[in-house]
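All values reported here derive from a predicted model rather than from experimental measurement.
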Amino acid sequence: MVGCDDCDAWYHWVCVGMQVPPADNEDWYCRYCIAKKQELHHDKKKKKGRKR
């Protein structure tokens, strides 16, 4: 099994499309945390471009 380095949820490798485990020093994030990070990054870009 592989654990998300953000939310600590655990998944079967096969269920998340992995055939081999990631290296011990490699971070791995579940699809929910990836989506959350992308949304936060997108929101920051939107706010940066706004002029008041």
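- Between the Asp5 side chain and the Trp28 main chain, a donor and an acceptor come within less than 3.5 Å of each other.
- Annotation: the span from Lys36 atom NZ to Asp6 atom CG amounts to 5.0 Å, rounded to 0.5 Å.
- Within the 4.5 Å cutoff, side-chain heavy atoms of Pro22 are placed close to those of Val2.
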- Query: So Tyr32 and Cys7, side chain to side chain contact (heavy atoms under 4.5 Å, CB included) or not? Walk me through it.
  - Reply: CA-CA 9 Å; Tyr32 302 108; Cys7 69; over 6 Å; no
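- Here the CD1 atom belonging to Ile34 is positioned 8.0 Å from the SG atom belonging to Cys4, to the nearest 0.5 angstrom.
- When atom types are taken as modelled, the side chain of Trp13 and the backbone of Met1 share a donor-acceptor pair closer than 3.5 angstrom.
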